[in-house]
Amino acid sequence: MERFKFIEDLTSDVMIEAYGKTLKEVFENAAFGMFSVICQIDKIRPEKEVEIEVRADNIEELMIAWLQELIAEVDINYMFFSKFDVMEISDTYLKARVFGEEADPKKGGTLVKAVTYYKYKFEKTEKGYKVRVSFDI
Amino acid sequence: MKDKLQKISDYEWLLPKGVRDRMKVDAKIFANQKIIDAAEDAAVQQLTNVACLPGVLEPVIGLPDMHWGYGLPMGAVGAFDAEEGIISSGLCGFDINCGINLIRTNLTVEEVKAKIKELIPTLFKNVPSGVGAKGPLKLTREELDRVLVEGIDWAIEKGYATKEDKEHTEEKGRMDDADPSKVSDLAKKRGIPQLGTLGAGNHFLEIQEISDIFDEETAKKWGLHGEGSVVIMLHSGSRGFGHQVASDYLKIQEKAVKKYNIWLPDKQLACAPVNSEEGRDYFSAMKCAVNYAFVNRAVMTKWIRDSFEQVFKKDWESMDMKTVYGIAHNIVKLEEHKIGGKGRKVYVHRKGATRSFPETPVLIAGSMGTASYLLKGTETAMEKTFGSSAHGAGRVMSRATAIKKFWGETVREDLEKQGIIAKSTHPKVLSEEAPQAYKDVEAVIETVHQTGISLKVARMKPMGVVKG
């Protein structure tokens, strides 16, 4: 199964659609998609590990909170990530280990300022889950 | 929605409130025919959405650099009554107090050209830029809180800025009543390491030549050294700190919309009544981000001065490197405006819009490789646009499309052929900001000048660019 793809949208700057057979997978793949924008992900070695915990009111908000938290990590810990391992997940709670290396602007991509609600859609499909999310860049 | 536009003059277009249900006031676009022809229908639609919000004042304004943004287009103004109105994180934008500082010099083009190949790398080294760039300041929590409250006064105390810099900054570099307790822990964590960094995307530091002066008297009053002298333009904002404040309050205000039963035509327009807790808290937190950005640009101004000192072996005062002016173009302000002949307190949301008060400087940045302008504010702007003007060229192409369409290396070579030296952390930045991805800045300037919402003082053309 494809992890994610970029969606053409006339007005939004960057929109992705991520897929997963399970909740765990769709969260991991959405993060992978977002970091494909933020950095040159194929050049990022998964050598340093950070643990992430997020809570939200429901699964839609949990996805937004997870991506937001990862954007903040770039600023706080100077990290680019390339590997995501969601260890625990429910509709309102997520715990993950994410792997990457110290951010080097030479391996940077496009600065993602925020995750937006523009055409945001989180859905259950026949094959699992699908999320459509756009970023303010 | 574009077909509903009514032409008032060659530069003004009306969207009367009848064009859709629930519009409370008219919307108005300032643009010439060429800009209107290219305008996105979705952006025009967004103006009419904002015209439906509680307490909105007439008109909702689209400026000539208008392009689709989150909720409200970039290049737009929404004003709301200070009693009945709303305040909105979405209408202000994610990059709170994104703005421009213009620094003058008494150096000539020839003097700077002779050193430009040394100057650009020195600036690139001294002013951290790019995604994931580290700032050299090591702030403590307490120190950050002082930055948020005191704004440029903190930078003066630490020796980064001068009292004169403060005098030449919008809001004198400090918005009062900023309250750090209204800012999330996450925002503060993001703010600590990033103070004194340029950022990425459309942010830049540019060495420019004054190519034309249109208003000698004003140019002189503002201390410019005439045509053929060199100025520096710095475009940056509140970095991850401001992005986080905006995101946090978008969530809080989304809940407020339900709590106060506000009807929204678009979920992105999350807002809160101005006098509600959610409204007041946002304003206090936004002011923290505004002050952070003033300090961010002040600190980088110091490093720009240091870089010139290193390269030209003179002190910055002897090069007259004073701040001409520093403006904000993503901000909410509580101002007094004349409405129906009477003074009224108004929350003005300027999103990709510059304050244009009579005789105050207005800065409009061109796209990379094209000219930028210094203008002066006018009484006409007070009457027509809640004292506002445009902020830049305005995109015509999304960043994603621009990256696919242009090669960063080719963009750099093209610029070099025009004599402009560009340096970025990696080539992709140059492609997403390719000049072709933007509207023609000259058309934007023609519109603001002809409508009189700001008047041309000087035109600056780029000599060298540093990008994130």
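Chain A is the first sequence line, chain B the second, and so forth, proteins listed ahead of strands; every chain is numbered from 1. Because only heavy atoms are used, hydrogens play no part in the values below, and waters and symmetry mates are left out as well, while side chains stay in.
Under the 4.0 Å criterion applied to side-chain N and carboxylate O atoms, K130(A) and E123(A) are assigned as salt-bridge partners. By the 4.0 Å N-to-carboxylate-O rule, E101(A) lies close enough to R45(A) to be salt-bridged with it. A salt bridge is absent between D37(B) and K2(B): the closest approach of a Lys/Arg side-chain nitrogen to an acidic carboxylate oxygen does not fall below 4.0 angstrom.
Using a 4.5 Å cut-off between heavy atoms, K188(B) does not touch chain A at all. Proximity to chain B (any heavy atom under 4.5 Å) is restricted, for E61(A), to the side chain, taken from C-beta onward. For chain A, the nearby parts of K189(B) are the backbone and the side chain; heavy atoms of each come within less than 4.5 Å. For T197(B), no part lies near chain A; criterion is any non-hydrogen pair under 4.5 Å. At a 4.5 Å heavy-atom cutoff, F6(A) makes no contact with chain B through either its backbone or its side chain. Looking at Y117(A), both its backbone and its side chain come within 4.5 Å of chain B, counting heavy atoms on both sides.
Note: P105(A) leads A114(A), G108(A), P105(A) in heavy-atom pairs under 4.5 Å with chain B. Interface remark: of the candidates V74(A), D104(A), T116(A), I64(A), T116(A) forms the most heavy-atom pairs closer than 4.5 Å to chain B. Of the listed residues (G240(B), P193(B), A200(B)), the one with the most heavy-atom contacts under 4.5 Å to chain A is P193(B). Taking chain A as the reference chain and counting heavy-atom pairs below 4.5 Å, the highest number among S247(B), S424(B), G69(B) is found for S247(B). The choice from C39(A), A103(A), G109(A) that makes the most heavy-atom pairs within less than 4.5 Å of chain B is G109(A).
Below 30°, between 30° and 60°, or above 60°: for H235(B) and H329(B) the angle between ring planes is above 60°, a perpendicular geometry. Relative orientation of the Y70(B) and F94(B) rings is tilted, given thresholds of 30° and 60° on the angle between their planes.
Evaluation of the ring pair (Phe, Tyr, Trp, His ring centres under 6.0 Å) rule for H243(B) yields no partner, not counting sequence neighbours.
Checking side-chain atoms of S238(B) against main-chain N and O of I96(B) turns up a donor-acceptor pair under 3.5 Å. Between the side chain of R297(B) and the main chain of S236(B), a donor-acceptor pair closer than 3.5 Å is present.
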